[in-house]
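Let me begin by presenting the structure, written as structure tokens, before commenting on it.
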Amino acid sequence: MTTQPDTATSGAEAPEGKPSGFAATDVLVNEYDGGPDTVERAEHTSDELQPHTELGLKDDEYDRIRQILGRRPTASELAMYSIMWSEHCSYKSSKVHLRQFGEKTPQNTRMLAGIGENAGVVQISDDLAVTFKVESHNHPSFVEPYQGAATGVGGIVRDILAMGARPIAVMDPLRFGAADHPDTARVLPGVVAGVGGYGNCLGLPNIGGEVVFDPTYQGNPLVNALSIGVLPVERLQHKEAAGVGNVVVLLGARTGRDGIGGVSVLASATFDEEAEQRRPSVQVGDPFMEKLLIESCLELYDAGLVAGIQDLGGAGLTCALSETAAAAGTGMRVWLERVPLREASMSPTEILASESQERMLLIVTPENLDRVLEVAKKWGVWATAIGEVTGPAQGGAPGRLVISWNDHVVVDVPPGSLADDGPVYARPIREPADLILLQADKAETLPRPSTGDELRETVLRMAASPNLADKTWVTEQYDRYVLGNTILAQPEDSGVLRIDEETGLGVALAVDGNGRFARLDPYEGARLALAEAYRNVAVTGAEPVAVTDCLNFGSPEDPAVMWQFAEAVRGLADGCQQLGTPVTGGNVSFYNQTGAAAIHPTPVVGVLGVFDDVARRVPMGFTAPTGDGDLLYLLGDTDVELSGSEWAWVTHGHLGGRPPKVDLAKEQRLGALMARASQSGLVSAAHDLSDGGLSQALVESALRRNVGARVSLPQDGTSAFVYLFSESAGRALVAVPRGHDKAFVALAAEFGVTCNPIGVTQHEPVLEVRDEFSIPLDEVREAWSATLPKLFGGAAELANRQGDPEHAADPTAPAGQDRGDEVLEAAAAGPAMETAAPIEADGIPAASVAEVKDPVPADEGRSVTLELTEHHDDQD
Amino acid sequence: MRIGVVTFPGSLDDGDAARAVRIAGADAVRLWHGDSDLQGVDAVVLPGGFSYGDYLRTGAIARFAPAMESIADAARGGMPVLGICNGFQILCEAHLLPGALTRNQHLHFRNRDQYLRVETANTSWTSRFLVGQEVLIPVKNGEGCFVADQRTLDELEAEGRVVARYIRGNPNGSQRDIAAITNEAGNVVGIMPHPEHAVEALTGPSLDGLGFFTSVLRALAGASAGGQQAGGQS
């Protein structure tokens, strides 16, 4: 094994700042013959060449490290700086923009912890708080869909756990390439199975999320994961490694070679044909271990045995050790040979860089150590004292992080230099050159359906389009019942959870994003995502109180992408300021880019709402009428806003113009109206209007409980088409039981919300729009529910029940009744597409799902270098 | 009445089972897998989840837990035992019930509200149902496909030991649509769907699951000489 990589060669091949592909471990394992690269050795070999470029560090960054240390870094130190100063950990490109969340966000008395902590904490009653956060695991999920998605769930759950909370639910906003692209058939089933496999095994209900298809995500699927937890206020935990002499304990799984360099190496190396070699850089999850970790941490918290805690995520021990020490201003002494390993041959650098999952770092007082180890033993998890907290240096300077391995000191650095003093860049920004033309190409001028028959056909075609179609194929793979407190879950507008069984205190959570809107105008797009999530929470009757965000963008080195990012952050910060809902934390994911083509800027926004009593939550489905049916009202104003809409995309493959206007004051009034109506029990159902407009809202509310509706659109000059398919913001569809209508209409007037009567629900399972069309719900349901099974397997009924001679001739199950998912997927070894493709769903014209135009050839850029980087840590 | 709910490492629905027991009107006693002392409970629920991660074979490790040895003895002595989902899998592994639960035929985890038909009221856990009654209860499993050899299946049918069947669609490919079975004595029942998730209007698709828990209270009251001792402990 050589000491040095061949820098001459790699320097020649690698363009400036863009290292070529290499095996991660080649660089990290290399140490000098006979032992690790020690501090002592570094002092004597100052001129030794080091592979900092290969580790993603720029020359000036490397010089800065030498300046901080007064010598060259050791191999371990170099790896640590490369990890902590990566975009992932340092937020070096986004920091200057993210500051706005702190500057503009209104101070809120509910906030107990905010940006900079593992997750934001919001107080919901005198003694209870919740903590929630969304983050991305995009890149690993593209490389290895199942494990990438699974460990995404595991990572966000540990963030929640680190705050002292019991995790109580997860949600998953997912974005894939075109629904009918072969690679989507590889990625989606794996991602869904991974989210389900990990979350189900942890015993966390999955209460919502998104499944969005768009060719823009073809090589860059977005796998975002949100988790929420609950804690008694006094159990709030901190990451500070306070208390000189306290013991540093590593709890949970043993450390292995999985995920080594996932942050800096895999995340910043250019992908090429050798990308297969990166597979070890994706972590492998063990949800059972995480379940034990959760239970043992909670027992430790309750016994008051934890002085400080930090989860081990993207940057492993490196991040946890340096952040806990830096946060407290203390030093730390760590003996790496004590870390329990899966492979005894691991080098100190590998141990520090490993991203093995299901680990936590605890700071405990020496007198509590035995009790901590006892609790760990009870739950069957490893717990090992690996170090101790040390005091400040002489003269009051911050302490140092000193790490040894078998008596060799391999690291001796100021922890703050790793955690806090990373580089910060104000990268150049420039409006995308094509934006003016894009915005000029409005969807409002596209040919529209005009006759009743054309409208009818459009309603069906829209309902069957992949983005609007039934997502049961996905959500049935998630446990939504476990823990017994799920009041509403997908496909409802928000997930609603009961927190306190005695009082009914609870929360609502929604997460939304719209990359097309953000592409047309990132400032407005971010505010539209915020408005939609806010509205989704508000229509259930909850009071929206706080925000988390996951900002998915292309390369920050592209000024156009950086402009989109800056605009989106500004829009979100402005929006949160106006709504009075602080951003409590989140995550930035850059480099979602294939060749020169970045994804649509995709800010995903999660909004948390609070219920004093979840019994008053308003569901989205029409309830079976007992008498004459409930009265339907359309709340909010409908304008001719079709640009960026689902209609423009599905029927014309069109993206252009300007997105719908956002009026956050109107959103607030709508929310206040819905909260009051819910408190007074005036509404039986409410559904937010967003993708697909009123047409889709009617379809979804009717299908939920198979209750029909007779709709009579306002005769005010606006066409039926615009009423049905415009995506104007600030609107909702509500059902009001007779007898409450006068009170509701008066309330709407009081809050200044436009309220148009548009019809009634009816027992007969038919959706009628007067003077236009009438569709039996069975026909809509068939169109709506067949799409995903047809694409991803399960379209055939279990009619033949192959492999089960017991039922070879069972004629009982009628076709379609079980949404056609009882298929035997030919041992499911191959992609589901293969079995599903030839199967024709009954009565559905194939064109209804297949005609989504693909303006960006999906393969464009795939022959070019595939550049992907992933960042998934806290915002600073 | 005191009904024990066992927690194995990886049990997930233990809190929900305990809640269902309380709502039915009994005291829920939490039992730990590593403790063979059953604390004098009158009946036991083995809850759903992934005991020990279920990485080997579902329920294969849990059956060896100290608590399980005591429960197996008590079950053979007539104590009512209900195994839900993972609990059903454990009961099969422990040979308290015949057959096995294998990977769903479609190979996906599946969570849905499922209609069942109750096939017998002659068990400790279903006496409050009518034979032929249709109930709506959530099902959620990845390995819920009940299989047994033909003779065992025929025996189960002939002896009236099929407790419930899936109707309006079989969610996992179980043979003869079997959702729940019982032992010869009728005191041990294994059910794949989750009655503990259908006990509150606010959180469940129905209240149909409550019948399993109230049934056992009646069975126990009948067993304890007219219920003289019922409710005497807490």
Side-chain angles (χ1 to χ4, degrees), chain A residues 189 192-193 196-197 200-206 286-289 291-292 295 378-381 472-473 475-487 489 498 501 504 614-615 617 793-794 797-798 801-807 810 812-814 817-819 821-825 827-828, chain B residues 7 9-20 22-23 32 34 48-55 103-114 138-142 145 147 150 153 166-178 194 196-205:
Chain A
V192 170
N200 295 343
C201 194
L202 273 189
L204 296 178
N206 189 312
D286 175 357
F288 174 58
M289 176 59 76
K291 167 72 177 166
L292 300 179
E295 298 303 333
K378 172 187 167 187
W379 287 101
V381 298
T472 300
W473 189 93
T475 56
E476 272 197 342
Q477 298 188 45
Y478 306 147
D479 182 349
R480 65 179 177 278
Y481 280 109
V482 64
L483 299 181
N485 286 312
T486 306
I487 311 299
R498 180 174 60 185
E501 289 186 38
V614 289
R617 89 291 185 206
E797 185 60 25
L798 192 60
R801 303 202 184 200
Q802 305 153 11
D804 182 3
E806 285 279 310
H807 290 90
D810 187 339
T812 50
Q817 171 144 358
D818 284 294
R819 296 184 285 269
D821 45 8
E822 304 295 356
V823 71
L824 304 176
E825 282 169 22
Chain B
T7 299
S11 289
L12 304 177
D13 299 306
D14 43 344
D16 304 71
R19 183 192 293 112
R22 285 196 300 273
I23 291 174
W32 181 245
F50 294 74
S51 54
Y52 303 92
D54 277 346
Y55 292 134
R103 187 95 189 267
N104 292 352
Q105 280 195 345
H106 46 73
L107 305 178
H108 294 298
F109 186 95
R110 175 153 300 158
N111 180 186
R112 65 161 55 156
D113 298 339
Q114 176 71 43
V139 64
K140 48 168 205 179
N141 61 64
C145 176
V147 295
Q150 294 298 321
L153 291 171
Y166 301 112
I167 53 172
R168 304 184 210 177
N170 178 334
N172 46 35
S174 287
Q175 289 181 320
R176 305 196 189 184
D177 296 331
I178 287 174
H194 290 257
E196 80 281 16
H197 290 321
V199 296
E200 288 184 283
L202 206 52
T203 56

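Within every chain, numbering begins at 1; the chains are lettered A, B, ... in the order of the sequence lines, protein sequences first and strands thereafter. Keep in mind it's a predicted model, so treat the numbers as computed, not measured.
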If you look at every heavy atom in [X] and [Y], which pair is closest and at what distance?
X: Y52(B); Y: F288(A); value: CA-CZ, 3.2 Å
X: Y481(A); Y: P205(B); value: OH-CD, 3.6 Å
X: P9(B); Y: L292(A); value: CB-CD2, 3.7 Å

**OP:** Salt-bridge test for R19(B) and E501(A): reply yes if a basic N is under 4.0 Å from a carboxylate O, no otherwise.
**Re:** yes
Subject >> Short N-O contact, R480(A) and D113(B), less than 4.0 angstrom >> reply: yes
For a 4.5 angstrom cut-off between non-hydrogen side-chain atoms, does [X] reach [Y]?
X: Y478(A); Y: R110(B); value: no
X: D479(A); Y: F109(B); value: yes
X: T486(A); Y: T203(B); value: no

Original post:
Which residues satisfy the salt bridge (charged side-chain N to carboxylate O under 4.0 Å, His left out) test with K291(A), sequence neighbours excluded?
Top reply: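 With neighbours one apart ignored, the set is E295(A).
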Original post:
Out of A193(A), G203(A), G504(A), which one racks up the most heavy-atom pairs below 4.5 Å with chain B?
Top reply: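 Of the candidates given, the most pairs with chain B belong to G203(A).
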Subject >> Contact leader toward chain B among G380(A), P287(A), A489(A), where contacts are heavy-atom pairs under 4.5 Å >> reply: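 With the most close heavy-atom pairs to chain B, the winner is P287(A).
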Original post:
Which distance, rounded to the nearest 0.5 Å, do you find between the CG of N485(A) and the CG of D16(B)?
Top reply: 7.5 Å
**OP:** Starting at CZ of F50(B), measure out to CG of N200(A) and round the result to the nearest 0.5 Å.
**Re:** 5.5 Å
Original post:
chain A heavy atoms under 4.5 Å from E200(B): which part of the residue, side chain, backbone, both or neither?
Top reply: side chain
**OP:** Name the region of Y55(B), side chain, backbone, both or neither, that has any atom closer than 4.5 Å to a heavy atom of chain A.
**Re:** side chain
**OP:** Say whether, by atom type as modelled, one donor and one acceptor occur between the side chain of D13(B) and the main chain of V482(A) under 3.5 angstrom.
**Re:** no
**OP:** Please identify each residue that fulfils ring pair (Phe, Tyr, Trp, His ring centres under 6.0 Å) with H194(B), with sequence neighbours left out.
**Re:** H197(B)
Subject >> Contact origin within L202(A) toward chain B - heavy atom pairs under 4.5 Å >> reply: backbone
Original post:
For I487(A), is it the side chain, the backbone, both or neither that has a heavy atom under 4.5 Å from a heavy atom of chain B?
Top reply: both
Original post:
Which one of R112(B), K140(B), H108(B) satisfies the side-chain hydrogen bond (donor to acceptor under 3.5 Å, both in side chains) criterion with E476(A)?
Top reply: R112(B)
